[in-house]
Amino acid sequence: MIHYTCDRCNCELTPNEDLRYSVQVEIKAVFDTATDFVEDVDTDHLLELNEILERLGDDESDAIGEDVYQRRRYDLCSGCFRQYQKNPLGREHSLSFGFSAN
């Protein structure tokens, strides 16, 4: 039997009884290109691509990889999903002032 728990509150989710939500988050680094870029005619793009592919096997590139791209998946119960919908970034709510009707 498959066992599920809510990744937010850790309550058990019974597959045939409880509604379970799957939230997938994809995180990508964004590199803005310079607008004043002048392409060097003598640049060997195949050589640059080959060097990048060779570096992919390095131990150092594994550490950089998480900074560039991540994909995560979370299981949420109904209550936690409603909370997630209201505030997906987990920002603290600003204080609201309650004034009397005088």
Side-chain angles (χ1 to χ4, degrees):
M1 181 174 164
I2 298 175
H3 175 77
Y4 293 104
T5 57
C6 175
D7 289 320
R8 187 168 180 261
C9 71
N10 292 325
C11 72
E12 286 191 34
L13 301 170
T14 308
N16 295 331
E17 297 174 16
D18 297 320
L19 191 55
R20 175 176 57 93
Y21 293 89
S22 177
V23 176
Q24 296 179 358
V25 179
E26 186 175 49
I27 306 164
K28 299 177 190 177
V30 178
F31 300 102
D32 293 331
T33 58
T35 56
D36 59 344
F37 176 74
V38 177
E39 185 174 345
D40 185 9
V41 179
D42 295 332
T43 303
D44 185 353
H45 296 289
L46 288 176
L47 180 62
E48 287 181 4
L49 183 59
N50 187 39
E51 289 173 359
I52 291 170
L53 290 173
E54 285 178 357
R55 282 184 280 164
L56 286 177
D58 295 345
D59 292 335
E60 186 177 315
S61 68
D62 290 340
I64 295 171
E66 273 193 16
D67 291 340
V68 175
Y69 181 82
Q70 293 182 31
R71 177 178 268 167
R72 307 253 173 130
R73 185 181 144 293
Y74 302 100
D75 291 322
L76 299 177
C77 66
S78 298
C80 289
F81 177 68
R82 283 191 292 278
Q83 292 298 319
Y84 175 79
Q85 277 186 309
K86 290 178 186 175
N87 190 6
L89 296 180
R91 292 183 180 170
E92 291 185 26
H93 296 288
S94 61
L95 296 174
S96 60
F97 298 99
F99 296 102
S100 64
N102 291 356

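Residue numbers run from 1 in the order of the sequence given. All values below come from the heavy atoms of this structure, side chains included, with hydrogens, waters and symmetry mates left out.
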For [X], what are the other residues in its hydrophobic cluster, where any two members join if their side-chain heavy atoms are less than 4.5 angstrom apart?
X	result
L13	I2, Y4
L89	none
Y74	L19, Y21, V23, V25, I27, L76, F81, Y84

side-chain contact (heavy atoms from CB on, under 4.5 Å) for H3 and T5? Distances and angles first, verdict last. CA-CA 7 Å; H3 175 77; T5 57; 3.3 Å; yes
Please list all pairs passing the salt bridge (Lys or Arg N to Asp or Glu O under 4.0 Å) test where one or both residues lie in residues 68-80, with sequence neighbours left out.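 Residue pairs with at least one partner in residues 68-80: R20-D75, E26-R71, R73-D75.
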Got a sec, which residues hit side-chain contact (heavy atoms from CB on, under 4.5 Å) with N16, two or more places apart in sequence or on another chain?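 Result, side-chain contact (heavy atoms from CB on, under 4.5 Å) vs N16: none returned.
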Looking at every heavy atom in both R91 and N87, which two are closest together, and how far apart are they?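 Scanning both residues completely, I find the closest heavy atoms to be O-ND2, 2.6 Å.
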